[in-house]
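Take a look at the structure below.
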Amino acid sequence: MQSIKNFEKRVKVAGLSFVVKKSDKICPIHKTQMVYTDKSPQPFCIKCQHEAVEKRKKELDRTNSVQVIRKDLRQLSLVDDPKEYSYTFDNFKSPSGSKEAQMKDVARKLAGEYYKDRNLNFNTVLYGTPGQGKTHLAMAMLNAVNKFSNPPQRCLFVNVTSLFLAIRSSFDNPMEKWTEQFAVHALSNADLLVIDDLGSESVMSTKGEASQFVQRVLYQVTNRQKRIIITTNLTMSELRQAYNAKLVSRLLAGSKGKQLDFSGIQDKRY
């Protein structure tokens, strides 16, 4: 029988192979004999080394997963203008005491609610005429949740016109990513979704109603997605005129006290 002093064994740790010799010390955690190498005379436990490597792998996997989820906002979203990705609360112009400052303050608090509890289900509606900063604050809310949530929340921003143009293009090109099925899945599985410029996505009939195709897609999404930030140029009454009652009920779900009226703010595009 080999003595401890003369014992040698080749082992693998993290894919690396090396020769170890048994020491006369015992691992206090695993109660197994510790070993050492010629290059590293300090005794160590092989099981501890394996566990440390596996822990590091899990940390790296978790870090990579977090990075992928955070990148989804830019890689999967459909924006009207790429500069919208840079919209934050910090670069939203809101003079002290102004209506803009009021809207910013409410939007920031609502973003905090989405951020603190990923299981808290409610929709937020930002409505008013064009150019008042609704898209800016919606993206600011999403950017805040996307940046600070831990564990991360999958955040998605879709301009509704861009969305339906992409879906319609898939009718002629089956290789197009944004099929109706893909769109419903992507929008439904986001932890927080922004639907931007609702109401501009379809050719309106003389009655002011959205097409059945548009309503079918939105109904599928809102039937599954319970955390939506909506921006629209429509008033609440115009929203009810444009969409059927069941869809409107889902669009406004949980939004009582969370409907931000931007009326009175000057068009910022001029």
Side-chain angles (χ1 to χ4, degrees), residues 61 64-82 84-85 114 118-126 135 138-139 141-143 145-146 149 151-205 208-234 239-255:
D61 288 343
N64 290 336
S65 177
V66 167
Q67 291 175 346
V68 168
I69 291 174
R70 296 205 195 284
K71 287 180 179 178
D72 277 352
L73 175 57
R74 284 182 175 264
Q75 294 182 347
L76 194 58
S77 293
L78 294 170
V79 296
D80 186 43
D81 186 337
E84 292 171 3
Y85 287 121
Y114 285 122
R118 65 193 304 127
N119 297 311
L120 186 61
N121 296 333
F122 67 89
N123 292 347
T124 298
V125 184
L126 289 67
T135 294
M139 181 62 87
M141 293 172 71
L142 205 62
N143 270 327
V145 174
N146 184 63
S149 294
Q153 298 187 41
R154 179 166 278 106
C155 297
L156 186 62
F157 185 106
V158 291
N159 174 273
V160 75
T161 300
S162 299
L163 171 66
F164 284 103
L165 285 174
I167 294 175
R168 287 190 175 101
S169 71
S170 73
F171 296 165
D172 299 320
N173 180 12
M175 300 304 293
E176 168 65 45
K177 178 173 72 173
W178 282 94
T179 62
E180 179 178 339
Q181 182 179 11
F182 177 85
V184 171
H185 176 79
L187 274 60
S188 300
N189 283 279
D191 293 303
L192 183 59
L193 170 68
V194 168
I195 297 180
D196 181 50
D197 211 8
L198 183 70
S200 66
E201 75 284 349
S202 60
V203 177
M204 309 297 280
S205 70
E209 296 175 349
S211 71
Q212 289 301 309
F213 162 66
V214 166
Q215 300 209 56
R216 182 182 75 229
V217 174
L218 291 176
Y219 186 86
Q220 291 179 80
V221 172
T222 56
N223 197 40
R224 297 169 175 83
Q225 177 59 261
K226 309 302 180 185
R227 289 158 59 86
I228 309 175
I229 300 169
I230 297 165
T231 78
T232 180
N233 296 333
L234 303 178
L239 200 67
R240 292 183 173 87
Q241 182 181 1
Y243 304 97
N244 68 54
K246 288 185 178 180
L247 178 54
V248 171
S249 176
R250 284 162 172 75
L251 289 168
L252 301 182
S255 67

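- Sorted by first and then second residue, the salt bridge (charged side-chain N to carboxylate O under 4.0 Å, His left out) pairs with a member in residues 176-187 read E180-R216; sequence neighbours excluded.
- Between A183 and I167 the shortest heavy-atom distance is CB-CD1, 3.7 Å.
- Side-chain contact between V158 and L193: present, with at least one pair of heavy atoms (C-beta onward) separated by less than 4.5 Å.
- From R240, atom CZ reaches atom OG of S249 across 9.5 Å, with rounding to the nearest 0.5 Å.
- Going from atom CG of N189 over to atom CD of Q225 covers 8.5 Å, rounded to the nearest 0.5 Å.
- Less than 6.0 angstrom separates the ring centroid of F164 from the ring centroid of F213.
- Judged by distance alone, with hydrogens and angles left aside, the side-chain atoms of N173 form no donor-acceptor pair with the main-chain N or O of S169 at under 3.5 Å.
- Between the side chains of D196 and T231, a donor-acceptor pair is found at a separation under 3.5 Å.
- Nearest heavy-atom pair across V184 and V221 is CA-CG2, 4.1 Å.
- With rounding to the nearest 0.5 angstrom, the SG atom of C155 is 4.5 Å from the CG atom of L142.
- Side-chain atoms of T124 and Y114 include a donor-acceptor pair closer than 3.5 Å.
- The CZ atom of F157 sits 10.5 Å away from atom CD1 of I195, with the distance rounded to the nearest 0.5 Å.
- For the residue pair A242 and Q215, the shortest heavy atom distance occurs at O-NE2, 3.8 Å.
- Distance check, rounded to the nearest 0.5 Å: OG of S149 to CG of L192 gives 8.5 Å.
- Of the possible donor and acceptor atoms, none in the side chain of Y219 sits under 3.5 Å from a partner among the backbone N and O of R250.
- Side-chain atoms of T232 come within 3.5 Å of backbone atoms of L234 as a donor-acceptor pair (strictly under, hydrogens ignored).
- In this structure, E84 and N159 have side chains that are not in contact, with every pair of non-hydrogen atoms separated by 4.5 Å or more.
- In this structure, T222 and L247 have side chains that are in contact, with non-hydrogen atoms separated by less than 4.5 Å.
- The two residues L156 and L187 have their closest heavy-atom pair at CD2-CD1, 3.8 Å.
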side-chain contact (heavy atoms from CB on, under 4.5 Å) evaluation trace for N223 with K246: CA-CA 10 Å; N223 197 40; K246 288 185 178 180; over 6 Å; no

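- Contact check for S170 versus F182: no side-chain heavy atoms found under the 4.5 Å cut-off.
- Here the shortest heavy-atom pairing between L78 and L163 reads CD1-CA, 3.7 Å.
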Quick one: do V79 and M139 satisfy side-chain contact (heavy atoms from CB on, under 4.5 Å)? Show the steps, please. CA-CA 10 Å; V79 296; M139 181 62 87; 4.0 Å; yes

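- Taking both residues in full, the closest heavy atoms of R227 and D191 are given as NE-O, 2.6 Å, listed atom of the first, atom of the second, then distance.
- Between V160 and S200, the closest side-chain pair of non-hydrogen atoms falls below 4.5 Å.
- A 4.5 Å side-chain heavy-atom check between N233 and D197 finds at least one atom pair inside the cut-off.
- A donor-acceptor pair under 3.5 Å links the side-chain atoms of N123 to the main chain of L251, judged by distance alone.
- Residues L198 and L239 meet the side-chain proximity criterion, which asks for heavy atoms closer than 4.5 Å.
- In this structure, L252 CG and I228 CD1 are separated by 10.0 Å, a value rounded to the nearest 0.5 Å.
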